[in-house]
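Everything below concerns the one structure shown next.
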Protein chains: 2
Amino acid sequence: MFNKETEYTLRGLVYIQLQNIKNRRPGTAEIAREIDAPPFYTAKILQRLVRQGFLASIKGKGGGFYFDGDKPDLPLITLIQATEGDRSFSGCGFGLKNCDANNPCPLHDKYAPIRDSMNKLGSGETIQSLAKKVYKQELKKLKNAK
Amino acid sequence: MFNKETEYTLRGLVYIQLQNIKNRRPGTAEIAREIDAPPFYTAKILQRLVRQGFLASIKGKGGGFYFDGDKPDLPLITLIQATEGDRSFSGCGFGLKNCDANNPCPLHDKYAPIRDSMNKLGSGETIQSLAKKVYKQELKKLKNAK
DNA sequence: TTAATAAAAGACAAAAAGATCCTTTAGTGT
DNA sequence: ACACTAAAGGATCTTTTTGTCTTTTATTAA
């Protein structure tokens with residue numbers, strides 16, 4: 001589906017936001033471990049995300065990564081387009097440059113609706129909405145364990 | 001969406017089948033030119049498809065590529081899985097190994113239906129069905145040009 | 001103010017994808 | 001039989017993706 005970098009990005013940011021909810025600021029080592037990603041590569045990706053302004057960080061003891069609560073929620077489509085371009089959200093299954101309703105490739109009619117669904121998914125969901133889902137799932141599990 | 005090799009494969013095979021309908025057997029140079037793909041790379045891909053039994057070829061003068069009419073139509077999903085694996089048809093948006101309805105990643109609920117649509121598309125359409133679409137489109141264009 | 005901590009930066013390396021080229025083999029037509 | 005044609009095979013190269021490692025910089029706590 002997505003490439004590795006995008007997968008690590010999604011998993012990493014959702015993990016960070018989940019910890020933020022719990023008033024924690026995880027660091028690279030913890031994040032990489034928890035999301036099952038290569039540590040140095042994870043660090044590099046997070047670095048880039050901070051540079052791009054998607055994420056904030058603090059250096060030194062007690063440091064780590066967090067989301068600026070004043071910023072609006074981060075839609076997946078924004079994030080993914082910044083990471084791997086928009087190959088998942090636009091473009092033609094056949095790889096044609098000018099494929100549209102007027103000049104459709106033979107896959108267009110069937111594929112266009114799927115692409116539209118992807119776009120809806122990418123615009124509708126945010127890192128924060130996903131983290132909230134995970135958080136609620138965790139609460140439910142705790143409850144059931146009692 | 002798909003990777004380059006898959007795109008060239010789809011475009012190439014549909015072109016071959018379209019020419020077959022017209023009782024022609026195109027060669028590598030013609031195919032590459034018509035589908036706008038790198039000639040040597042196209043040759044290599046077609047070679048592999050022949051080895052895998054998806055396609056037939058004839059060497060020497062008057063040679064080229066064609067589909068064995070006795071074989072059943074070739075579903076896109078079969079072809080694509082043989083080319084790039086099934087990253088487009090299965091697997092989780094988050095990259096988790098055991099993501100399913102019981103143990104869902106936070107994208108699962110929204111992404112699973114999209115993946116299902118992709119599967120339906122891949123099983124429903126074949127190289128032959130796509131070529132037929134293009135053929136009909138061509139006929140319509142000719143008619144309108146009159 | 002010093003030692004410890006953790007992110008930032010950037011060089012480097014390995015693997016995979018994408019692409020090219022040359023030689024060989026098989027078949028065709030004269 | 002011979003020259004020609006076109007696919008098959010395989011070696012090589014480039015670019016992109018993925019991943020590692022070392023050094024530097026900023027911050028904090030003792």
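Residue numbers begin at 1 in each chain, while the letters A, B, ... track the order of the sequences. Just so it is clear, the model here is predicted, and its values are computed rather than measured.
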- Item | Test item: B:Arg11 side-chain N/O and B:Asp36 main-chain N/O as donor-acceptor pair under 3.5 Å | yes

- In whole angstrom, give the distance that lies between atom CG of B:Leu55 and atom C1' of D:dA8. 13 Å

- Message: Output the rounded distance in Å from CD1 (B:Ile16) to C1' (D:dA7).
- Response: 12 Å

- Task: Mind calculating the distance between CD (A:Gln52) and P (C:dA8) to the nearest angstrom?
- Result: 13 Å

- Query: Rounded to whole angstrom units, what separation is found between the CD1 atom of A:Ile45 and the P atom of C:dA9?
  - Reply: 16 Å

- Distance test, side-chain N/O of A:Ser57 to OP1/OP2 of C:dA8, below 4.0 Å: yes

Atom pairs, protein N/O to nucleotides 24-30 of chain C N/O, distance under 3.5 Å:
residue, atom, partner, partner atom, Å
C:dT25, O2, B:Lys59, NZ, 3.3
C:dA26, O4', B:Lys59, NZ, 3.1

- Query: Any ring-ring contact (aromatic ring centres under 6.0 Å, His included) pairs touching residues 2-48 of chain A, not counting sequence neighbours?
  - Reply: A:Tyr8-A:Tyr41

Name the atoms and distances for all side-chain donor-acceptor pairs under 3.5 Å in residues 102-114 of chain A, with sequence neighbours left out.
residue, atom, partner, partner atom, Å
A:Asn103, ND2, A:Asn98, O, 3.3
A:Lys110, NZ, B:Glu125, OE2, 2.5

- Ignoring backbone atoms, establish whether A:Arg51 has a side-chain N or O less than 4.0 Å from OP1 or OP2 of C:dA9. yes

- Where at least one partner belongs to residues 72-81 of chain B, residue pairs that pass side-chain hydrogen bond (donor to acceptor under 3.5 Å, both in side chains), sequence neighbours excluded: none

- Could you tell me whether the side chain of B:Gln47 has a donor or acceptor atom within less than 3.5 Å of a complementary atom in the base of D:dA7? no

Show the atom names and distances, to 0.1 Å, of all donor-acceptor pairs under 3.5 Å that link a side chain in residues 51-69 of chain A to residues at least two apart or in another chain.
residue, atom, partner, partner atom, Å
A:Arg51, NH2, A:Gln47, OE1, 3.3
A:Gln52, OE1, A:Arg48, NE, 3.1
A:Asp68, OD1, A:Asp70, N, 2.8

- Item | Spacing of A:Leu49 atom CG relative to C:dA7 atom C1', expressed in whole Å | 14 Å

- Taking side chain as C-beta onward, heavy atoms only, is B:Thr83 less than 4.5 Å from B:Ile45? no

- Query: Out of A:Glu34, A:Arg25, A:Arg24, which one pairs with A:Gln19 under the side chain to side chain donor-acceptor pair (under 3.5 Å) rule?
  - Reply: A:Arg24

- Task: Could you check how far CZ of B:Arg48 sits from C1' of C:dA17, rounded to whole Å?
- Result: 13 Å

- Task: Report yes if the side chains of B:Met118 and B:Met1 come closer than 4.5 Å at any heavy-atom pair, otherwise no.
- Result: yes

- B/S/- contact track for nucleotides 14-20 of chain D, protein heavy atom under 4.0 Å: ----BBB

- Query: Is a donor on one side and an acceptor on the other found under 3.5 Å between the side chain of A:Asn3 and the backbone of A:Glu7?
  - Reply: no

